[in-house]
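Below is one structure, written out as structure tokens; the observations come after it.
Numbers restart at 1 for each chain; the letters A, B, ... are given by sequence-line order, proteins then strands.
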Protein chains: 2
Amino acid sequence: MITFVKYVRYCRQMTSNSPPARASYHHGNLVEALLEAAIALIEDKGVESLSVREVAKRAGVSAGAPFRHFSSKTALLTAVAEQAMSRLTEAVSAELKTTGDADPIAGLRAIGQGYLNWALANPTHFQVISSRTLIDFHGSEKLVAENEAIRLIMEKLIDDARRRGLLRHGIEIEDLIFSSRAFIYGVARMWIDGHFLEWRIERPAAQAMSAALDMFILSIGAEVAQ
Amino acid sequence: MITFVKYVRYCRQMTSNSPPARASYHHGNLVEALLEAAIALIEDKGVESLSVREVAKRAGVSAGAPFRHFSSKTALLTAVAEQAMSRLTEAVSAELKTTGDADPIAGLRAIGQGYLNWALANPTHFQVISSRTLIDFHGSEKLVAENEAIRLIMEKLIDDARRRGLLRHGIEIEDLIFSSRAFIYGVARMWIDGHFLEWRIERPAAQAMSAALDMFILSIGAEVAQ
DNA sequence: CCGTTGATGTAAACGTTGATTACATTAGCG
DNA sequence: CGCTAATGTAATCAACGTTTACATCAACGG
């Protein structure tokens, strides 16, 4: 029996088939390796043409191995999204910290800038996060919680700005929270979805985004403050 | 020979298999039937789980038949997108006509409102249009041209508003064109992508969208005009 | 040091997909 | 009627997600 197994392994090395050279039978840290492989492959070929088989191959394991750790392709991508959301939250928080408590509108702008910068630098991760068909957003407590955390920070900043009279007269708080989010999301998605070409955005993407953000921030501010 | 063929057809009717009852061998108007079937299926199950086989089955033909008329799945969806873009342009134009030339800002708002109304009423079509992976946008002259047409109308309205002093001081034209588009796109996509839940938009979608649009329009206007 | 056990990998299979091919059927036209 | 081009069919292919039965190995108790 053992001879046969060794023979099979020998043949595998000779034909150099799917699972290539690996030190031991067990991978060691397959979960992380799969997440990394998934990101790398999405960066190469896009989200929709990602296959679990290729992820497995890149990680150096057989096609069925990923299903030991993720119940489905969706579960794998949801794990990628969780990792991505952590980094996004981190990036936004870091940018926010560069502003003081004195100017909530500057804080709001920092959130937008941090969000856009991160999306620009990590389009793949962003794409995975914002999808609701590839991942199971509401099935992940982490995703829901971190998303809510950002929303609460924005809500607090906007409410703070209102109390200090920094907002333009006539603007409803509820509308502004939603609008700010929609605006940033729209800018980021237009870039991700490749709509910059059609809209003749000829400046570098980061520059166009930043200018648009400046305009938005300017327009919601009180006239006297400008 | 003929007897055999008739027998086969008879059996097919009995077993009620893939190509079901149809008057003649040729369909008559397969192209339109396929487009309709595609839309109906996307509405049922979403864009990403659409298969050409199902489209063919729904249209009452075999799995390979669609490829006589569309070179690929992408080509089929691009045709759907062209049909959709026509209707979007039509909806936006109709909404725009309800406003006079006197108030370009009202025209801008009408464009946004028409766009959002249409997206809300035709989420499937909207999803197909805005995708750049499912369809070949830049390969379709029609899509590029109609998109550009809308952009030009917006540009003209905004420039008109600037000359009449209706815009808030400090706003750059170029930024405003892009920002307006990004804002509307963001609102529509947040709804399409199912982000309303997480952002606690508890009002009816149409109402929340309209309020956000009002806020945006208000914020870009000159203070004196309000 | 041996044997059991559970975690983790493999290989093979199943049903479905997008796409291609060779072939069958038909409508339209002379 | 007979020819041709258009149109539909059926068989086929590789790739996909997923499941299954089985193989391997690390850890641990005796």
- prompt: Any chance the rings of B:Y115 and B:Y185 have centres within less than 6.0 Å?
  reply: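 Aromatic pair excluded; centres sit 6.0 Å or further apart.
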- prompt: In terms of side-chain geometry, is the basic nitrogen of B:R151 or B:E155 positioned less than 4.0 Å from the acidic oxygen of its partner?
  reply: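 Result for this pair is yes, salt bridge flagged.
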message: Under 4.0 Å between a side-chain nitrogen and a carboxylate oxygen: does that hold for A:E148 and B:R200?
response: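 Salt bridge present between A:E148 and B:R200.
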task: Please round to the nearest 0.5 Å and tell me the distance separating atom CZ of A:R203 and atom CD of B:E174.
output: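 If we round to the nearest 0.5 Å, A:R203:CZ and B:E174:CD are 4.5 Å apart.
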field: Stretch residues 42-56 of chain B: residues that reach within less than 4.0 Å of DNA chain D through a heavy atom
entry: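 Residues of residues 42-56 of chain B that come under 4.0 Å of DNA chain D are, in numerical order, B:R53.
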Of residues 65-77 of chain A, the positions that come close to DNA chain D - non-hydrogen atoms, cut-off under 4.0 Å: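 The stretch gives A:F67, A:R68, A:S72, A:K73 as the residues lying under 4.0 Å from the strand, ordered by number.
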message: Please check this pair: side chain of A:T78 against backbone of A:T74, looking for a donor-acceptor N/O pair closer than 3.5 Å.
response: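 Yes; at least one donor-acceptor contact below 3.5 Å.
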Given atom [atom1] of [X] and atom [atom2] of [N], what is their separation to the nearest angstrom?
{"X": "A:K57", "N": "D:dA14", "atom1": "NZ", "atom2": "P", "answer": "14 Å"}
{"X": "A:N29", "N": "C:dT8", "atom1": "CG", "atom2": "P", "answer": "11 Å"}
{"X": "B:L30", "N": "C:dA27", "atom1": "CG", "atom2": "P", "answer": "15 Å"}

message: Does any part of the side chain of A:L157, heavy atoms only, come nearer than 4.5 Å to the side chain of A:I111, both counted from C-beta?
response: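 Contact flag for A:I111/A:L157 side chains = yes.
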message: When you compare the side chain of A:H138 with that of B:E198, does any pair of heavy atoms fall below 4.5 Å?
response: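 A side-chain contact exists here, since the closest heavy-atom pair is under 4.5 Å.
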message: Run the side-chain hydrogen bond (donor to acceptor under 3.5 Å, both in side chains) test on A:R109 and A:S180 for me, step by step, so that the C-alpha distance in whole Å, both residues' side-chain angles and the decisive distance to 0.1 Å come before the verdict.
response: CA-CA 10 Å; A:R109 192 197 179 288; A:S180 305; over 6 Å; no
